[in-house]
Amino acid sequence: MNIDDTAEAGAGAENGDAKPSERTLLIVEDDETFARTLGRSFERRGYTVLFATSLNAVSAVLAQGQRSPGYAVVDLKLKGEASGLACVQALHAHDPAMLIVVLTGFASIATAVEAIKLGACHYLAKPSNTDDIEAAFARATGDTEVDLTGRPTSIKTLEWERIHETLAATGFNISETARRLGMHRRTLVRKLGKQQVK
C-alpha cells in the first residue's frame with residue numbers, strides 16, 4: 001500500500017466535525033517504509049494516524065476538515081518543493097496547540113532553532129523511535145533544570161553545525177552547499193556519509 005498525498009491509516013478513524021483530537025497523529029514523511037513502520041507503532045498505542053508526504057499533502061489533509069491532529073511528526077528533509085520547516089509553519093498556523101516534533105538525519109543548532117521558532121515543540125535526530133517521540137511530546141513545555149555545563153564544543157562539532165546550517169540555507173542542495181563552504185562536492189558528500197554512519 002503506497003502513501004499518497006492524503007493517505008490515512010489507523011483503526012478508529014471517525015468522520016465528523018473538525019476538532020482537535022488528542023489521539024490523532026499526522027506523520028509527514030516521504031520515506032514510505034519508515035512512515036508505515038512508525039504509523040503502525042503509534043496505532044498500537046491507540047493513535048489514529050494520518051500520513052502526508054509534502055507541504056501540499058499537509059494542506060490537503062488539513063483541508064479535509066474531518067479532524068485536526070493533536071500531534072505531528074515532521075521529517076525535516078522532504079523531497080519536492082519545501083522542507084519540513086515549511087510544514088511545521090503550516091501546521092502551527094492551522095492549530096497553535098498542536099504538538100509538533102521534527103525528525104532529521106541532518107541535525108544542527110540552526111535548523112533546531114528555526115524549527116522551534118516556527119512552532120515545533122521538540123527536535124530529534126534520527127534514528128528516533130516511538131518512545132523517543134512520545135517522550136518529546138511530553139516534554140513540550142521545556143525543562144528549566146537541564147544541565148548547562150555540557151562538554152566544550154569540538155572543532156568537528158563546529159564544522160558539522162556549519163555544514164548543516166549551510167545545507168538548511170540552500171534547501172539541502174549539496175552542490176550549492178559545497179560552493180558556499182569552499183569545499184569540493186565529493187568532500188562534502190564524504191563528510192555527510194561519515195556522519196550518517198555514526
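Just so you know, residue 1 is the first one in the sequence shown, and it goes up from there.
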Practice problem: Quick one: pull up CG in Leu124 and CG in Asp132 and give me the separation to the nearest 0.5 Å. | Solution: 6.5 Å
Practice problem: Can you see which heavy atom on Leu85 is nearest to which on Thr111, and at what distance? | Solution: CD2-O, 4.2 Å
Self-check item: CA sep, side-chain torsions, deciding dist, call: Val73, Phe137, side-chain contact (heavy atoms from CB on, under 4.5 Å)
Solution: CA-CA 10 Å; Val73 176; Phe137 286 141; 4.0 Å; yes
Quiz prompt | Minimum heavy-atom distance Tyr123-Ala115, with the two atoms named | solution = CD1-CB, 3.9 Å
Practice problem: Verify the ring-centre separation between Tyr71 and Phe42: is it less than 6.0 angstrom? | Solution: no
Quiz item: Distance from Arg139 atom CZ to Leu99 atom CG, nearest 0.5 Å?
Solution: 12.5 Å
Quiz item: Any salt bridge between Asp131 and Arg45, counting N to O under 4.0 Å?
Solution: yes
Quiz item: Which pair of non-hydrogen atoms, one from Asp30 and one from Thr53, has the smallest distance, and what is that distance?
Solution: CB-O, 4.0 Å
Quiz item: Between atom OH of Tyr47 and atom CD1 of Ile27, what is the distance when rounded to the nearest 0.5 Å?
Solution: 11.0 Å
Quiz item: Which heavy atom in Ala57 sits nearest to a heavy atom in Ala52, and how many Å separate them?
Solution: CB-CB, 3.7 Å
Practice problem: Before giving the answer on salt bridge (Lys or Arg N to Asp or Glu O under 4.0 Å), spell out for Arg40 and Glu43 the whole-Å C-alpha distance, their side-chain angles and the decisive distance to 0.1 Å. | Solution: CA-CA 5 Å; Arg40 281 194 296 270; Glu43 286 171 356; over 6 Å; no
Quiz item: Just how far is it from atom CG of Asp75 to atom OG1 of Thr104, taken to the nearest 0.5 Å?
Solution: 6.5 Å
Quiz item: Hey, does the side chain of Ser59 reach the backbone of Leu55 with a donor-acceptor pair shorter than 3.5 angstrom?
Solution: yes
Quiz item: Do you know which two heavy atoms are closest between Gly39 and Val49, and how far apart they sit?
Solution: O-CG2, 3.6 Å
Exercise. Tell me, with the steps shown, if Val74 and Val58 meet side-chain contact (heavy atoms from CB on, under 4.5 Å).
Key: CA-CA 10 Å; Val74 180; Val58 166; over 6 Å; no
Practice problem: First locate atom CG of Leu91, then atom CG of Leu62, and finally report the distance between them rounded to the nearest 0.5 Å. | Solution: 5.5 Å
Exercise. Answer yes when Lys117 and Glu114 have at least one side-chain N-carboxylate O distance shorter than 4.0 Å, and no when they do not.
Key: yes
Quiz item: Between atom CZ of Phe34 and atom CG of Leu103, what is the distance when rounded to the nearest 0.5 Å?
Solution: 5.5 Å
Practice problem: Could you pull out the closest heavy-atom pair between Glu29 and Leu78, with the gap in Å? | Solution: CA-CD2, 4.1 Å
